[in-house]
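Heavy atoms only: backbone and side chains are in, while hydrogens, waters and symmetry mates are out.
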Amino acid sequence: MPTALEQFEGFMISDIKNWSTFKKEKFTPKHFEEHDVDIENECCGVCGSDVHTITGGWGEPATTPLCVGHEIIGKVLRVGSKVTTVKPGDRVGVGAQVQACMKCKLCKSDNENYCPHMPNNPKDTYNAPYNEGEGHSDKLMKDKNGNQIFSQGGYSSHCRAHEYFVFPIPNSIPSHEAAPMMCAGLTTFSPLIRAGVGPGSKVAILGIGGLGHFGLLWAKALGAEVWALSHTPNKKEEALKLGADHFISTSGENWAEPLAFTFNFILNCADMTHEFDLPTYMSTLDIKGEFHNVGLPDQPLPQIKAQAFAPNAAKLTGSHIGNRPEMLQMLKLASEKGLKPMIETIDISEAGCKRAVEKVKVNDVRYRVTLTGFHKAFGTGNS
């Protein structure tokens, strides 16, 4: 087994004012610990979270230079002494989380994605500080020069993550399609599963973009009757191909009136919720129906009166990615049913990263971007 690498290489930004200016630089990964897995990256999806982070939309980055990307697919190179879930040579994926305490009541109840006991809750794949002892120590993790080590993402040569957050990829799913499943896929799959969506459910997917197109795939595959809600009428044909039974343009007047008390569950995948008339959308929910947010815009939600919840006992909820069992269930479903997301690919480079994040920023994508060509860019792929 190869020795643990002391440095990785990635395409990084140094300033949110120049958020799409990437430079290839070396960085120090976290110390290799007994549950860690080293991965040689093959490709990485470009997530809206990457753009929110590098533009400062979600706040000033915790560290710079910063390498983003949390939809990683690659090959296992090395495993720690206590790793049991993967082995060298396996093709695996890593999503938006790389560590949790694994001891608290949330971690022990398959809610490790909500673990409150890490310096970042939970440990994000990039832009989060590391502590020693797999996060259990109060001692900050530092490099040999005494600099604090932060997690860095997947626009990079390699990834190092705790085995619980490293997922075997079924052979039938191509890497460039599996990549966006690591975040966008799980983020939309988990709430559908936790809501019990299946045959007999009436589900609306609101916002047909990078998240929403996965929502259509999953909801249909789970057996629900599916509506696509979009302010863009020209997405109708693609929405129906992805699994929608019905398409509703929300740009029309009184669009919601015929849908009163219809939906058990609305999965809101839009990034513009701050501009929504939420009571109108919530009026389409059946009794005790749920309006569930996975799109996370930079701006706060619009003000809403408590009275808006009363006519149908509606719920307004949200979630954060998903857990390991849900990830494995999602990958199994995608493999068995041959579910195929709509993906654009761009070769990774300074110019390629710039083009990719700028396209995502202005929603010029159908419907996800995966950065490819990692072995050529980093001189890897020979191990």
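The aromatic rings of His52 and Trp58 sit parallel to each other, their planes meeting at less than 30°, with 60° as the upper class boundary.
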Is there a side-chain hydrogen bond (donor to acceptor under 3.5 Å, both in side chains) between His375 and Glu42? Walk through the geometry before answering. CA-CA 7 Å; His375 295 333; Glu42 176 189 348; 5.8 Å; no
Stepwise salt bridge (charged side-chain N to carboxylate O under 4.0 Å, His left out) test for Lys82 and Glu34: CA-CA 5 Å; Lys82 291 190 176 180; Glu34 58 191 7; 3.4 Å; yes
Tell me, with the steps shown, if Ser172 and Ser335 meet side-chain hydrogen bond (donor to acceptor under 3.5 Å, both in side chains). CA-CA 6 Å; Ser172 60; Ser335 176; 2.6 Å; yes
Evaluation steps, salt bridge (charged side-chain N to carboxylate O under 4.0 Å, His left out), between Arg160 and Asp38: CA-CA 5 Å; Arg160 181 170 291 165; Asp38 272 0; 2.6 Å; yes
Using the rule given for salt bridge (charged side-chain N to carboxylate O under 4.0 Å, His left out), can you reason through Glu238 versus Arg366, listing the C-alpha separation, both sets of side-chain angles and the distance that settles it, and then say yes or no? CA-CA 10 Å; Glu238 289 175 339; Arg366 289 292 190 273; 3.4 Å; yes
Determine, step by step, whether Ser137 and Asn131 satisfy the side-chain hydrogen bond (donor to acceptor under 3.5 Å, both in side chains) criterion, reporting the C-alpha distance in whole Å, the side-chain angles of both residues, the deciding distance to 0.1 Å, and the verdict. CA-CA 6 Å; Ser137 171; Asn131 284 29; 5.9 Å; no
May I have the step-by-step check of salt bridge (charged side-chain N to carboxylate O under 4.0 Å, His left out) for Glu225 and Lys220, ending in yes or no? CA-CA 7 Å; Glu225 185 177 0; Lys220 185 64 174 178; over 6 Å; no
Using the rule given for side-chain contact (heavy atoms from CB on, under 4.5 Å), can you reason through Leu106 versus Cys115, listing the C-alpha separation, both sets of side-chain angles and the distance that settles it, and then say yes or no? CA-CA 6 Å; Leu106 298 184; Cys115 175; 5.5 Å; no
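In this structure, the ring of Phe378 has its center less than 6.0 angstrom from the ring center of Phe11. Between Trp227 and Phe247, the ring center distance fails the sub-6.0 Å criterion. Checked against the 6.0 Å centroid criterion, the rings of Phe150 and Tyr130 do not qualify as a close aromatic pair.
Taken to the nearest 0.5 Å, the CG atom of Asn127 stands 11.5 Å off from the CD1 atom of Ile54. A distance of 10.0 Å separates SG of Cys43 from CD1 of Ile343, quoted to the nearest 0.5 Å. Interatomic distance, Ser230 OG to Lys235 NZ, rounded to the nearest 0.5 Å: 5.0 Å. To the nearest 0.5 Å, atoms OG1 (Thr125) and CD (Gln152) are separated by 11.5 Å. The CD1 atom of Ile169 sits 7.5 Å away from atom OG of Ser175, with the distance rounded to the nearest 0.5 Å. Between the CG atom in Leu285 and the CG atom in Asn264 there is a gap of 9.0 Å [rounded to 0.5 Å].
Between Phe214 and Arg368, the closest heavy-atom pair is CE1-CG, 4.1 Å. Scanning both residues, Pro65 and Glu25, for their nearest heavy atoms gives CG-OE1, 3.6 Å. The two atoms that bring Met181 and Pro341 nearest to each other are CE-CD, 3.9 Å, heavy atoms only. For the pair His213 and Met342, the tightest heavy-atom approach, listed with the atom from each and the gap, is NE2-N, 3.1 Å. Taking every heavy atom of both residues into account, Ile321 and Ala96 meet most closely at CG2-CB, 3.9 Å. Counting all heavy atoms, side chain and backbone alike, Lys24 lies closest to Ala377 at NZ-O, 2.8 Å.
A heavy-atom distance below 4.5 Å is not found between the side chains of Leu267 and Phe291. Using a 4.5 Å heavy-atom threshold, the side chains of Ile13 and Trp19 count as separate. Taking 4.5 Å as the limit, every side-chain heavy atom of Glu9 sits out of range of all side-chain heavy atoms of His158. Looking at heavy atoms from C-beta onward, Ile266 lies in side-chain contact with Phe263 at the 4.5 angstrom threshold. With a 4.5 Å cut-off on side-chain heavy atoms, Val79 and Val86 count as touching. Contact of the His292 side chain with the Asn268 side chain is not registered, since no non-hydrogen atoms from C-beta on lie closer than 4.5 Å. Inter-residue side-chain proximity for Leu278 and Thr273 is flagged as met; some heavy-atom pair is nearer than 4.5 Å. Annotation: side chain of Val94 is not in contact with side chain of Phe167 (no heavy-atom distance under 4.5 Å).
Clustering ILVMFWY residues whenever any of their side-chain heavy atoms sit less than 4.5 angstrom apart, transitively, puts Ile16 in a cluster other than the one holding Val51.
Screening Ile73, Val166, Val37, Ile39 against Cys159 for a side-chain contact (heavy atoms from CB on, under 4.5 Å) leaves a single residue, Ile39.
Side-chain contact annotation: Asn41 with Ser156, donor-acceptor N/O pair under 3.5 Å present. Side-chain contact, Asn18 with Thr21: no donor N or O sits under 3.5 Å from an acceptor N or O. Judged by distance alone, the side chains of Asn111 and Ser109 do bring a donor and an acceptor atom under 3.5 Å apart. For Thr250 and Trp255, the side-chain atoms include no donor-acceptor pair closer than 3.5 Å.
For NZ of Lys359, the number of neighbouring non-hydrogen atoms (other residues, nucleotides, ligands) closer than 6.0 Å is greater than 12. Other residues, nucleotides and ligands place no more than 12 heavy atoms under 6.0 Å from the CD atom of Glu6. Counting heavy atoms of neighbouring residues, nucleotides and ligands inside a 6.0 Å radius, atom CG of Asn171 does not exceed 12 of them. For His231, the NE2 atom is loosely surrounded, since the number of other residues' heavy atoms within 6.0 Å does not exceed 12.
Between the side chain of His320 and the backbone N or O of Asn113, at least one donor-acceptor pair lies under 3.5 Å. A donor-acceptor contact shorter than 3.5 Å is absent between the side chain of Glu132 and the backbone of Asp138. Without hydrogens or angle criteria, Asp286 side chain to Gly289 main chain gives no donor-acceptor distance under 3.5 Å. For Ser283 (side chain) and Ala260 (main-chain N/O), no donor-acceptor pair under 3.5 Å exists by modelled atom type. Between the side chain of Glu326 and the main chain of Asn323, a donor-acceptor pair closer than 3.5 Å is present. Without hydrogens or angle criteria, His31 side chain to Lys142 main chain gives a donor-acceptor distance under 3.5 Å. A donor-acceptor pair under 3.5 Å links the side-chain atoms of Ser151 to the main chain of Ala128, judged by distance alone. Put simply, the side chain of Gln299 never gets that close to the backbone of Met272: no donor and acceptor are under 3.5 Å apart. Without hydrogens or angle criteria, Asp143 side chain to Asn145 main chain gives a donor-acceptor distance under 3.5 Å. A donor-acceptor pair under 3.5 Å is absent between the side-chain atoms of Thr187 and the main chain of Ala184, judged by distance alone.
Remark: Arg78 qualifies as a cation-pi partner of Phe32 under the 6.0 Å distance and 45° angle criteria applied to the six-membered ring. For Lys202 and Phe265, the positive end is not near the middle of the six-membered ring at less than 6.0 Å and at most 45° from its axis.
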